[in-house]
Amino acid sequence: DGSIQGPCVRLQVSQPSSYSQRSIYAGRAAIRRVRVIKQIESAVRKGWFANCKSVNGVWVMNAVGIDVSKGKSMVSVLRPFGELVAKPFEVRHTSSELSELAKRLKSLEGETRVVLEHTGRYYEPVAQLLHDAGVFVSAVNPLLIKEYGNNSLRKVKTDRADSLKIARYGLDNWTELRQHTPMDTIRYQLKSMNRQYGLYTKNKTAMKNNLIALLDQTYPGVNTLFGSPVREDGSQKWVDFAASFWHVDCVRGIGQAAFVERYRKWCKRHGYNLRADKAAQIHTGAKELIAMLPKNSLSKVMVQEAIAQLNTVSKTVEVFRAEMNRLAKELPEYETVMSLYGAGKSLGPQLMAEIGDIRRFAHKGSLTAFAGVDPGANQSGTYDAKSTRSSKRGSPELRKTLFVLMTVLLQSAPPDDPVFQFLDKKRGEGKPYYVYMTAGCNKFLRIYYGRVKEFMNTLDTPVDMDSTALSQ
């Protein structure tokens, strides 16, 4: 009925009549008793009962499992020995209903801990409101919930069953639950902006490939004429050139002297450096090209629209890049991160956005595991694998950033950088590409952890345990 019952209410289960059914019931009860005994023993060893609330001299543990979805959640409350305090009930993600849920949970006698899955952005309003109301909240990696307690041959996937499963996970891992703390505003905005930056970067790559495919039918190879980098406004020399000379006949259809003059005016209008010999090379090379699409209004519309779309997305990417760097400067570790070779104005803010507050990682192995570049283990009996795959169970965005950074190191080849020396050593040993790249990412993260952690430990600011929105 959606109401939370009193703390002394136990789950009423009628006794089976047949001997076989009673045996099954007794076996399940024994399993529950063993589970609870292990929970209590673990709590005693770790000294949890020193701060635990008790009712009439009995320690009470209320595990609240919340299965989060878009716009609503399913909530259930369990105690040890399978005591059902509240049947699964639905709560919408509105301030009134979440506030009422917080009041009900705080009214329970004993110690109450809320466990929910880290499901994208859906869990954040629930965790935020309950945390602000003074309720213990723990956001858990969904993979841990998925691999927990699958001791049934039946496949049941409902919100009610999932909420009960999450509550049981909370009971079995009571002492290991890490409390959720809201992300500070700067890190939250930086990470959100980095995700948008990644999205628009993918769109830019798609638009660029589409434009090159069109130009290969009107002006083959025009994208290779210039090697100028992208400007701060997102413009690029070869794209601007293709906007004016979108078909090969626009170049070879006039004399060389006339084209050189047009090229000079074009460079002046767009602010590019002029090289007269470059104009002559372009005109000479255009005579040998073969265009598949004719020079007409239809072909021009396709090329011009593709260029307009690319310029729009490219400008957005550069705006996000500049804003991310401006926002990252407000973080205390900015100068330390930027001192690392390869962490420039683009990759540096991305690293800070995805890693978050370095102090939340207990040791450097935690950081490499979070990135998914830690080597796995494969050992059984006398077999012990010498080479294993990386886990890849961490943040894919962070791994992508690290691989880009390793590529920068390989291209620039700084002789005094320890990460490049390590990469070059592994590459010289004949290691496969992904092996030495992953090893380099691991090496870089260990250096990052040491330098940034040393600096952050000198600060008095609190640790942002959920600065990456992934508490475990």
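Along the sequence shown, the residues carry numbers beginning at 1. All heavy atoms count here, side chains included; hydrogens, waters and symmetry mates do not.
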Asp162/Lys157 ion pair, N-O < 4.0 Å: yes
Lys453 atom NZ, neighbour heavy-atom count above 12 within 6.0 Å: yes
Carboxylate-amine/guanidinium proximity below 4.0 Å for Lys191 and Glu124: no
Test: Glu454 and Arg451 ion pair at under 4.0 Å: no
Charged N-O contact under 4.0 Å between Glu261 and Arg264: yes
Qualifying side chain to side chain donor-acceptor pair (under 3.5 Å) pairs with a residue from residues 211-230, counting only residues at least two apart or across chains: none
Donor-acceptor contacts under 3.5 Å from residues 239-249 side chains, at least two apart:
residue: Asp240; atom: OD2; partner: Tyr272; partner atom: OH; Å: 2.6
residue: Ser244; atom: OG; partner: Trp266; partner atom: NE1; Å: 3.3
residue: His247; atom: ND1; partner: Asp249; partner atom: N; Å: 3.1
residue: His247; atom: NE2; partner: Leu293; partner atom: O; Å: 2.8
residue: Asp249; atom: OD1; partner: Arg252; partner atom: NE; Å: 2.9
residue: Asp249; atom: OD1; partner: Arg252; partner atom: NH2; Å: 3.3

Salt-bridge contact Arg195-Glu354 (side-chain N to carboxylate O under 4.0 Å): yes
Test salt bridge (Lys or Arg N to Asp or Glu O under 4.0 Å) applied to Asp233 and Arg231, step by step: CA-CA 5 Å; Asp233 61 351; Arg231 289 177 168 179; 5.3 Å; no
Trace of the side chain to side chain donor-acceptor pair (under 3.5 Å) decision for Gln196 with Ser192: CA-CA 6 Å; Gln196 291 296 308; Ser192 299; over 6 Å; no
Separation of Cys441 SG from Arg399 CZ (nearest 0.5 Å): 9.5 Å
OH (Tyr122) with more than 12 external heavy atoms under 6.0 Å: no
Interatomic distance, Leu171 atom CG to Tyr169 atom OH [nearest 0.5 angstrom]: 12.0 Å
Parallel, tilted or perpendicular: rings of Tyr123 and His180 (30°, 60°): perpendicular
Trace of the side-chain contact (heavy atoms from CB on, under 4.5 Å) decision for Leu130 with Leu98: CA-CA 8 Å; Leu130 294 179; Leu98 289 177; 5.8 Å; no
Between Tyr433 and Tyr436, ring centroids under 6.0 Å: yes
Donor + acceptor pair across side chains of Asn325, Arg321 (<3.5 Å): no
Interatomic spacing from CG in Asn173 to CD1 in Ile145 - rounded to 0.5 Å: 8.0 Å
Interatomic distance, Arg187 atom CZ to Ile355 atom CD1 [nearest 0.5 angstrom]: 10.5 Å
